[in-house]
Novice: 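Have a look at the structure that comes next, please.
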Number of protein chains: 2
Amino acid sequence: MRYHRGVASRTATELVHPDRKELRFTEVMAALSDPVRLAIVARLAAEPDGELACTTFALPVSKSTQSGHFKALRESGVIHQRDEGTRRLNRLRRDDLDARFPGLLDLAIVQGRNVIDGWSTRKRP
Amino acid sequence: MRYHRGVASRTATELVHPDRKELRFTEVMAALSDPVRLAIVARLAAEPDGELACTTFALPVSKSTQSGHFKALRESGVIHQRDEGTRRLNRLRRDDLDARFPGLLDLAIVQGRNVIDGWSTRKRP
DNA sequence: AATCATGTTCAGGATTTCCGAACATAGCAC
DNA sequence: GTGCTATGTTCGGAAATCCTGAACATGATT
């Protein structure tokens, strides 16, 4: 996958990840102002080895919307993504976020857990 | 001002302020994901007595847009507004925010100062 | 009563967000 | 190899949001 085209397909279309210095507070905040994205963040934080494929999240939105959410998290610098075969693996950029905006990620993780809890308790009565 | 109408004009149209318990993380984050609103927050934090009228901010956006930004901050619970004569006075809801989302407001204040500094250094060369 | 100062609301265009449908690629069965 | 499946992405259009100038509303001041 990854939609490489033509001759350059071996190297083309690398995933763009902003450098630590280029993280923008307003963009990170916007990325973390959505329940689905908070849930993703909390889920990643709970993972011991820290890498998860997109499918494993069981989110209550469509596939294309998921794709958009992961893209938003990546472009704002909240997560790092890399391709392995047909899967795209996600991990939190904890070091970078803690360095630039100390405390913010921890807050988001707590709130993301709340979102997930809300889903499990309110969706199966 | 305040657009009270008809008979009930003495008591009508109170400014709505969410209670501390009803603050939503996603909405507060969205409110704090805009440079203009961050600047407002930082400016309020720097004020000793903590109350400022909307005009005193000298923001680089139109009056109607300012109005919208203050409304967004109020409805999300970041600021409290009260009317005094023809002016609308704003103050930070620091206690409520610190109680619910400890550390978040301090981060926003720092970043809001950066925004303001960016304006002063980049707009008058 | 006229005017000013301070903010709000409205209508419109420009920008996001969501979804289903179609598409692209890797890996596997045969 | 040829299909088939699993995993994600992109596209197009509907619904919701953001920005602005213009018109409005009301308290204060002359």
Side-chain angles (χ1 to χ4, degrees), chain A residues 1-16 24 26-27 29-40 51-76 79-91, chain B residues 1-16 24 26-27 29-40 51-76 79-91:
Chain A
M1 125 190 16
R2 292 315 83 94
Y3 293 32
H4 302 166
R5 263 167 258 244
V7 179
S9 70
R10 303 277 298 287
T11 57
T13 316
E14 287 308 314
L15 261 13
V16 59
R24 298 245 161 264
T26 51
E27 291 175 15
M29 292 291 281
L32 296 177
S33 71
D34 179 279
V36 172
R37 294 194 287 259
L38 285 176
I40 293 173
E51 269 193 328
L52 281 180
C54 299
T55 323
T56 63
F57 287 82
L59 301 169
V61 292
S62 78
K63 214 164 40 153
S64 53
T65 302
Q66 273 182 53
S67 193
H69 282 311
F70 280 104
K71 183 177 175 184
L73 288 171
R74 167 170 46 84
E75 292 185 342
S76 66
I79 67 174
H80 177 92
Q81 297 189 297
R82 70 183 182 92
D83 291 340
E84 187 169 272
T86 177
R87 296 181 311 165
R88 183 159 281 191
L89 298 178
N90 306 278
R91 93 178 137 70
Chain B
M1 128 187 19
R2 292 315 83 94
Y3 292 32
H4 302 168
R5 265 166 257 241
V7 178
S9 71
R10 304 277 299 286
T11 59
T13 314
E14 286 308 313
L15 260 14
V16 59
R24 298 245 159 265
T26 51
E27 291 175 15
M29 291 292 280
L32 296 177
S33 70
D34 179 278
V36 172
R37 294 194 287 260
L38 284 176
I40 293 172
E51 269 192 329
L52 282 180
C54 298
T55 323
T56 62
F57 287 82
L59 300 169
V61 291
S62 78
K63 214 166 40 158
S64 52
T65 302
Q66 273 183 53
S67 192
H69 282 311
F70 280 105
K71 183 178 176 186
L73 288 170
R74 167 170 44 85
E75 293 185 342
S76 65
I79 67 173
H80 177 92
Q81 297 189 296
R82 71 184 181 89
D83 291 339
E84 187 170 272
T86 177
R87 296 182 310 163
R88 183 159 282 191
L89 297 178
N90 306 279
R91 92 177 138 70

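A note on names: the letters A, B, ... follow the listed sequences, proteins ahead of strands, and every chain is numbered from 1.
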Novice: C:dT8 C1' sits how many Å from B:Lys63 NZ, rounded?
Specialist: 9 Å
Novice: I would like to know whether A:Leu32 and A:Leu38 meet side chain to side chain contact (heavy atoms under 4.5 Å, CB included); could you show each step before the answer?
Specialist: CA-CA 6 Å; A:Leu32 296 177; A:Leu38 285 176; 4.3 Å; yes
Novice: Over how many whole Å does the gap from A:Leu89 atom CG to D:dA6 atom C1' extend?
Specialist: 14 Å
Novice: Heavy-atom distance under 4.5 Å between the side chains of A:Phe70 and A:Gln81, does that happen here?
Specialist: yes
Novice: OP1, OP2 of C:dT8 versus side-chain N and O of B:Ser67: anything below 4.0 Å?
Specialist: yes
Novice: Once you round it to whole Å, what is the distance between C1' of D:dA6 and CD of A:Glu84?
Specialist: 15 Å
Novice: Just how far, in rounded Å, is C1' of C:dT8 from CZ of B:Arg87?
Specialist: 17 Å
Novice: Do the non-hydrogen side-chain atoms of B:Arg74 and B:Val16 ever get within less than 4.5 Å of each other?
Specialist: yes
Novice: Starting at CG of B:Asp83 and ending at C1' of C:dG7, how long is that distance when rounded to a whole Å?
Specialist: 9 Å
Novice: Phosphate oxygens OP1/OP2 of D:dT20: is one of them under 4.0 Å from a side-chain N or O of B:Ser64?
Specialist: no
Novice: Please report the closest heavy-atom contact between A:Ala31 and A:Ser76, naming both atoms and the distance.
Specialist: CB-OG, 3.3 Å
Novice: Taking the side chain as everything from C-beta on, heavy atoms only, tell me whether A:Gln66 gets closer than 4.5 Å to A:His69.
Specialist: no
Novice: Could you check whether any side-chain N or O of A:Ser33 sits under 3.5 Å from a backbone N or O of A:Ala30, counting only pairs where one atom can act as donor and the other as acceptor?
Specialist: yes
Novice: Is a donor-acceptor contact shorter than 3.5 angstrom present between the side chain of A:Ser62 and the base of C:dG20?
Specialist: no
Novice: With a 4.0 Å limit, can you tell me whether A:Arg88 has a side-chain N or O closer than that to the phosphate oxygens OP1/OP2 of D:dT9?
Specialist: yes
Novice: Using atom CZ of A:Phe70 as one end and atom C1' of C:dT17 as the other, report the distance to the nearest whole Å.
Specialist: 17 Å
Novice: Measure CG/A:Leu59 against P/C:dC18 and give the value in whole Å, please.
Specialist: 12 Å
Novice: So which protein nitrogen or oxygen atoms get under 3.5 Å of nucleotides 12-18 of chain D's nitrogens or oxygens?
Specialist:
none

Novice: Are the side chains of B:Arg82 and B:Glu51 in contact, using a 4.5 Å heavy-atom criterion?
Specialist: yes
Novice: For a quick check of understanding: with a heavy-atom distance under 4.0 Å over all strands, which category does B:Lys71 fall into, base, sugar-phosphate or nothing?
Specialist: nothing
Novice: Between D:dT10 atom P and A:Gln66 atom CD, what is the distance in whole Å?
Specialist: 15 Å
Novice: At under 4.0 Å, does any side-chain N or O of A:Thr86 touch on OP1 or OP2 of C:dG27?
Specialist: no
